[in-house]
Amino acid sequence: MSQETYKRIRENPKFQAFVSKRNVYSVIMSIVIFVAYYGFIVLIAFDKAFLATKLSVGGVTSIGIPIGLGVILLTIILTWVYVWRANSEFDAEADAIIKESVQ
Amino acid sequence: MKPIIKLSLAGLALAGAAGLAVAAGGDLGQMQKQATNWTAISMFAIFVGVTLWITKWAAGKTKTAADFYTAGGGITGFQNGLAIAGDYMSAASFLGITGLVFGSGFDGLIFSIGWLVGWPVLTFLLAERLRNLGKFTFADVAAYRFSPGPIRSFAATGTLVVVAFYLIAQMVGAGQLIKVLFGLDYLYAVILVGFIMLLYVLFGGMTATTWVQIIKAVMLLAGATFMAVAVLFQFGFSPEALFTKATEVHKLKDAIMGPGSFIKDPISAICVGMALMFGTAGLPHILMRFFTVPNAKEARKSVAWATTWIGYFYILTFIIGFGAIVMLIQHPETYYVDGDIAKGLIGGGNMAAVHLANAVGGDVFLGFISAVAFATILAVVAGLTLSGASAVSHDLYASVWRRSNVDSATELRVSKITTVALGIIAVLLGIIFEKQNVAFMVMLAFSIACSANFPVLAMSVLWKNCTTRGAVVGGSVGLVLSVGLTIGSAGVWEAALGFEEGSAWFPYASPSLFSMTAAFLVIWIVSLLDNSEGAQKERALYADQLIRSETGVGAASASSH
């Protein structure tokens, strides 16, 4: 790619908007996973009894099991959500910007 | 079949002092040699035969340095996801986490979650940028605009230090595990691992390593799935029924359904959490895998698949651990020392999954799971060696010493020589550390990765004003602090170095909260104070780097064949 292309991309207002949109999205997703995981850890550190609470009267399964499995599933789902959006929407926008600038 | 030191219990005792059972995921402790297991050895021989045949095929395709480092960039996202999972799910995490669930129930779940949460962070912040900026090693990414000499020397050091500690833990674990599973001597086991691994990497490079990791991942996932389904089948696929039975027979009774002594002090918990979360994004052998796919799209897919498989695997380990609680106790004479439940499992708590394999699938399945455990170590060791070799040949030799003025054939030859050297070093380290307590080493590798490699990588990619000087000084501070503070923690100072109990001068299980913060701060301050001519140039280059990292324009593409 020529310096000219880089210059055109750099000066394209769509590129700046694209980068900041995706960065905001990355940061928000990171914060969600951060809060979910450290929330879980802090809950364990400060309120063990809550996680040991039974799901049903007379039952054995504690509330900690679905919460723990929930963190695992959330991790997987959030990763796919990000990848799905990046591979469709973001890549399409990036391609459009490149195409505009290459001509 | 005589008893034996309790493995995971040793780890737990250590962790009890430190706040978190970090040992369970990384170390298998000392084990006693068992009778030679011919079923396991035959299964393993089949695995080795198949993988060596693949290596032969891969060798024909490994002609250039690019083939050697990245399999020519032609791996698909799905394949790479499996390979990453194969690289990451170590034998110690399979046996250690199931052992932890077997010993204390819910605590095992807490532990396994920590090993998963680094993946989304890596996906959101680094995966595609890494792919767009890099070529063979993660140092390429930082060297896009930084002065290649200092930044590559630093990155190669960070890589080799992480690889060394990770490798010691794997080699010692391999020796101990094979003693128990196959009934082979420690020395032979370590040499065998080193030799077979060397064949893969030396002749098949990244192509062979990738396929070994994929096959191993599929075998491990299939074996673990079979065990989990067999356990659930016994309880009519009702987890509640499984848990009910487990709380009846476990010595901790209902306490296994909630958090136990696993997290004592919140600072240690947060430190370990940070080491795992950000360390994953700084492990050189994992980062290297992102260059094996053709573009950013496939890089993202690979990390999504990797997260899926690893997360699924941790759910299985939880079920397997509970299955071991209820099923092994039904035949104490087979699985417990002297048939006495109070004396613990034969081979120690970390053998829970292995004994369960026997309980649900008999001798043949036990042989299969043992072979999988061995294959797992080979796959991880091969990935580590390849990553170490590329740091030496690509970063230090070709880029720093020869200033990129070297042809592909020479670079390939240097990487092969380095591979042989690393293989020999790995075997020697395995022998030297046989009797040592290496429980802290995997956590140390993660702490260094998150305190030295990750801050440099993140700041170089995401922050315009970062300069070479800032990155190298800050990264070095993170490296020195993470190693120094780990030496002062109970896991090393008391357990490994033998100083008296209570004399450890660093109170937490991992230094990452402090060492990683320090690294970021120093990078920030030194970069801001850096007004050299080079720094101005580096900042000016950021605009172009941003375009390439965000859009993939000008990114290294798959090499043609």
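Chain identifiers are assigned alphabetically (A, B, ...) following the order of the sequence lines, protein sequences preceding nucleic acid strands; residue numbering begins at 1 within each chain.
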Atom pair CG/CG of B:Leu462 and A:Asn23 - distance to nearest 0.5 Å
7.5 Å
Any side-chain heavy atom of B:Asp254 sitting closer than 4.5 Å to one from A:Lys54?
yes
Does any heavy atom of chain B fall under 4.5 Å from the side chain of A:Phe50, the backbone, both, or neither of them?
neither
Between B:Gly114, B:Gly258, B:Pro120, which shows the greatest number of heavy-atom pairs under 4.5 Å with chain A?
B:Pro120
Relative to chain B, which of A:Ile41, A:Leu55, A:Ile65 shows the most heavy atom pairs under 4.5 Å?
A:Ile65
Heavy-atom closest contact (A:Tyr6 atom, B:Val553 atom, distance)
OH-O, 3.5 Å
Scan residues 79-98 of chain A for pairs that pass ring pair (Phe, Tyr, Trp, His ring centres under 6.0 Å), counting only residues two or more places apart or in two chains.
A:Tyr25-A:Tyr82, A:Tyr25-A:Phe90, A:Trp80-B:Trp305, A:Tyr82-B:Phe124
Close approach to chain A in residues 312-321 of chain B, criterion heavy atom under 4.5 Å
B:Tyr312, B:Tyr314, B:Ile315, B:Phe318
Of all residues at least two apart in sequence or in a different chain, which pass the salt bridge (charged side-chain N to carboxylate O under 4.0 Å, His left out) check with A:Lys14?
A:Glu100
More than 12 heavy atoms of other groups within 6.0 Å of B:Lys253 NZ
yes
A:Phe34 and B:Val117, any side-chain heavy atoms less than 4.5 Å apart
no
Could you measure the distance from the CD1 atom of A:Ile44 to the CD1 atom of B:Ile110? Nearest 0.5 Å is fine.
3.5 Å
With a 4.5 Å heavy-atom cut-off, do B:Met277 and A:Ile33 have their side chains touching?
yes
Take a 6.0 Å sphere around NZ of B:Lys245 and say whether it holds more than 12 heavy atoms from other residues, nucleotides or ligands.
no
Please say whether more than 12 non-hydrogen atoms of neighbouring residues, nucleotides or ligands are located less than 6.0 Å from NZ in A:Lys7.
no
Contact winner vs chain B - A:Ala52, A:Ser26, A:Ala94, A:Ala45, heavy-atom pairs under 4.5 Å
A:Ser26
Exactly one of B:Arg300, B:Glu128, B:Glu298, B:Lys297 clears side-chain hydrogen bond (donor to acceptor under 3.5 Å, both in side chains) with A:Asn87, and that residue is B:Arg300
Heavy-atom distances under 4.5 Å only: say whether B:Phe106 touches chain A with side chain, backbone, both or neither.
side chain
Roughly how far, to the nearest 0.5 Å, is the CG atom of A:Asp91 from the CG atom of B:Asn295?
8.0 Å
Where along residues 67-77 of chain A does a heavy atom come under 4.5 Å of chain B, listed by residue number?
A:Gly68, A:Leu69, A:Val71, A:Ile72, A:Leu73, A:Thr75, A:Ile76
Is there a side-chain contact between B:Leu125 and A:Ser30, using heavy atoms and a 4.5 Å cut-off?
yes
Hey, could you give me the OG1/CD1 distance between B:Thr551 and A:Ile98, rounded to the nearest 0.5 Å?
4.0 Å
Say whether, by atom type as modelled, one donor and one acceptor occur between the side chain of A:Thr79 and the main chain of B:Ala304 under 3.5 angstrom.
no
Under a 4.5 Å heavy-atom cut-off, does chain A meet the side chain of B:Ile547, its backbone, both or neither?
both
Check for a donor-acceptor pair, side chain of B:Glu240 on one end and backbone N or O of A:Thr61 on the other, with a separation under 3.5 Å.
yes
Only pairs of heavy atoms separated by less than 4.5 Å count here; which of B:Asp544, B:Leu242, B:Val303 has the most with chain A?
B:Asp544
How long is the straight-line distance from CZ of A:Arg10 back to CG of B:Leu546, given to the nearest 0.5 Å?
10.0 Å
From the list A:Phe18, A:Phe40, A:Tyr38, the residue making the most non-hydrogen contacts under 4.5 Å with chain B is A:Tyr38
